[in-house]
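Because the structure is a prediction, the values reported are computed rather than measured. Naming convention: chains lettered A, B, ... in sequence-line order (proteins, then strands); numbering from 1 in each chain.
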There are 2 protein chains.
Amino acid sequence: MSHKITIKDVATQAGVSEATVSRALNDSPQVKAHTRQRIQELARQLGYHPNGLARSIRVQHTHTLGVIIPDILNAFFTQIVRAIEDAADAAGYDVLIMNTDEHLSRETKALDLMLEKRVDGVIITSAGGPTDYATRLGDTPAVFVDRMPPHKAERFDRVLVDNVQATEDLVTRLIDRGSTRVGIINSAVSMTATERLQGYHQALQKAGMAFDPAIEVNARTDNSNVSQMTRQILVNQRCDGLFAADNTIMDTVLHRIPELQLPPFQLGGFDDQDWFDFLPYHIVTAKQPISQIAQTAVDRLLARIRQPRMAPEEFRLPAQIITH
Amino acid sequence: MSHKITIKDVATQAGVSEATVSRALNDSPQVKAHTRQRIQELARQLGYHPNGLARSIRVQHTHTLGVIIPDILNAFFTQIVRAIEDAADAAGYDVLIMNTDEHLSRETKALDLMLEKRVDGVIITSAGGPTDYATRLGDTPAVFVDRMPPHKAERFDRVLVDNVQATEDLVTRLIDRGSTRVGIINSAVSMTATERLQGYHQALQKAGMAFDPAIEVNARTDNSNVSQMTRQILVNQRCDGLFAADNTIMDTVLHRIPELQLPPFQLGGFDDQDWFDFLPYHIVTAKQPISQIAQTAVDRLLARIRQPRMAPEEFRLPAQIITH
DNA sequence: ATGAAAGCGCTAACAG
DNA sequence: CTGTTAGCGCTTTCAT
């Protein structure tokens, strides 16, 4: 933020008042067409760039939305961001992105920064943990996407996939394709895990299969564990089906499988990836409706910005089962 | 940006002046330890959040860096961002990310927005095109990463991989692994393409192979073309080696290959991806030194922020050839 | 159609 | 150690 041309500079150069320059630059119809053009031209020549900070502090909004994601290396979130940008762009809003790398401390910092930068609203895919969003956010409008706030979630708008239905459909598909015994490696994100486990159970039940705790495991972030779990389920427990409850788990599973010398089996997971097509075996996924999730989130956020007192709501969107 | 608690509110509540509150909140040693704590506590209770805009406008910097990337769905840029964040974080700087989706108009908007938000400096991976960065940037420090500005590049700091050496090494590796005739589908990004083509030629020359224009093609953004080119080179032209000059080209190539029923062949490309391990055949890649690129970029940017008149420099970093 | 002046929230002299 | 005051760059009444 080095030495910059201000509106004052333009004003003196043009021989008018700062007010007139401001009006001219904002295309106010009050200012005579001729002088308006003259001023705009001059401003361009001088390389004038409006100071958005000063403007925002005056008009009391920034016209920008903040987006906080936990993992920018994860294609799911990256697609979410992309879709949010499209939706926000269509509504004439700017978007600022911050990545927390699944660190609570960085999420806290990210949120604080966005608040300090006075975004008009924020879309959060929480890194989980004990953050008290209610007090932290104050009255900044927020909507949660994909992952819910751990406490008092019902006080916020949230939009996410119908995890239990999607999982039920997915596991059912695995069974339809021939699996007789399908294990699960569940997500480390707690609420997501709970819901997906329920869907898993429903699918087994419908198929008349018994639950077996030995093949229901839950991932911590530790990668080697998931790798071991894969072997445990697919080899020791002789499953011919496996549901990897999320993106990152799937990744580890995929890394382990080749060295396992497995007989034919069915593999299912959440979140579609382009390159699943390249795998030497089939894979079925629950593809989340990313565009709709994003659209719903920004619609809702924008609505709340205009109408802060709206009652919070939860939006559940259906996933689509795809076989690669 | 709804109704918010200001420093004034805290001041009256605490029965002190705004200045004292400001000092207390900024941990100034000038204010008595006791009152400082009292004020900080009170601020917390009131849910006070400093207005960063007001602060920045006053102190004339934001302590934040802007990062503009052309494609957030591309893992390469995503990793770059991630590495930049780490480097910036270590230096105590915040970073704001914007994605342009390869649209010039969005890049222009993104850059303007960052300037309006008065980032202290900006790291740009240009979407290409005729943007005149010199006048657009004014005197905001900038460094270009991976893709150079189309005009007057020498007026800016830029850090990127040594494309020609990396390509030469890569293609040489392909040949070493048995390729006798290796084609190239080159990048749509012009300068990158030029350099990689040169490396390709150098490799052929060293191996005593003749160039054949029939197997030197250049991708436009049109996907179906790349798909056709793949067939053209690998089938019609009977190449037993192919160099896909970037990420997105490789993706299309990979999509086309299975249906081509090819005899053994060597495939090489830029930018490593985790899932290359899962492919049913080997692939060799030139892995860019992402962390170093990012570190160099932010080091340089920070240096330029302190010392704006430094002469611009170009930093070339070596890639690493990897076989999956 | 334009100008003068106030003020957004904050920090930095300058006084005391 | 704390208060008063001015001012960052901009927009917006209120005058004229």
query: Do the side-chain N and O atoms of Glu41(B) and Gln37(B) include a donor-acceptor pair separated by under 3.5 angstrom?
result: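 No donor-acceptor contact under 3.5 Å links the two side chains.
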- prompt: Does the side chain of Glu116(A) come under 3.5 Å of the side chain of Asn51(B) through a donor N or O and an acceptor N or O?
  reply: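 Not at all, the side chains of Glu116(A) and Asn51(B) share no donor-acceptor pair under 3.5 Å.
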message: Could you check whether Glu313(B) pairs with Arg155(B) (Lys NZ or Arg NE/NH1/NH2 to Asp/Glu carboxylate O, under 4.0 Å)?
response: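 Salt bridge between Glu313(B) and Arg155(B), a charged N being under 4.0 Å from a carboxylate O: no.
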Ignoring hydrogens and angles, write down the donor-acceptor pairs under 3.5 Å from the side chains of residues 27-35 of chain B, residues two or more places apart or on other chains.
residue	atom	partner	partner atom	Å
Asp27(B)	OD1	Gln40(B)	NE2	2.8
Ser28(B)	OG	Gln30(B)	N	3.1
Thr35(B)	OG1	Lys32(B)	O	2.9

field: chain B contact limits on DNA chain C, taken 5' to 3' with a cut-off of 4.0 angstrom to heavy atoms
entry: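 First-to-last contact on DNA chain C, by the 4.0 Å heavy-atom rule, is dG9(C) to dA13(C).
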- prompt: Between the side chain of Thr100(B) and the main-chain N/O of Asp71(B), is any donor-acceptor distance below 3.5 Å?
  reply: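 Looks like no, no N/O pair under 3.5 Å.
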- prompt: Can any side-chain N or O of Ser187(A) pair as donor or acceptor with the backbone N or O of Val189(A) at less than 3.5 Å?
  reply: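 Checked: pair present.
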- prompt: Looking at side-chain heavy atoms only, is the closest gap between Thr62(B) and Leu53(A) below 4.5 Å?
  reply: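 SC-SC contact between Thr62(B) and Leu53(A) confirmed.
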task: Classify every nucleotide of nucleotides 8-16 of chain D by which part a protein heavy atom approaches to under 4.0 Å, writing B for the base, S for the sugar-phosphate alone and - for neither, in 5'-to-3' order.
output: BBBBBB---
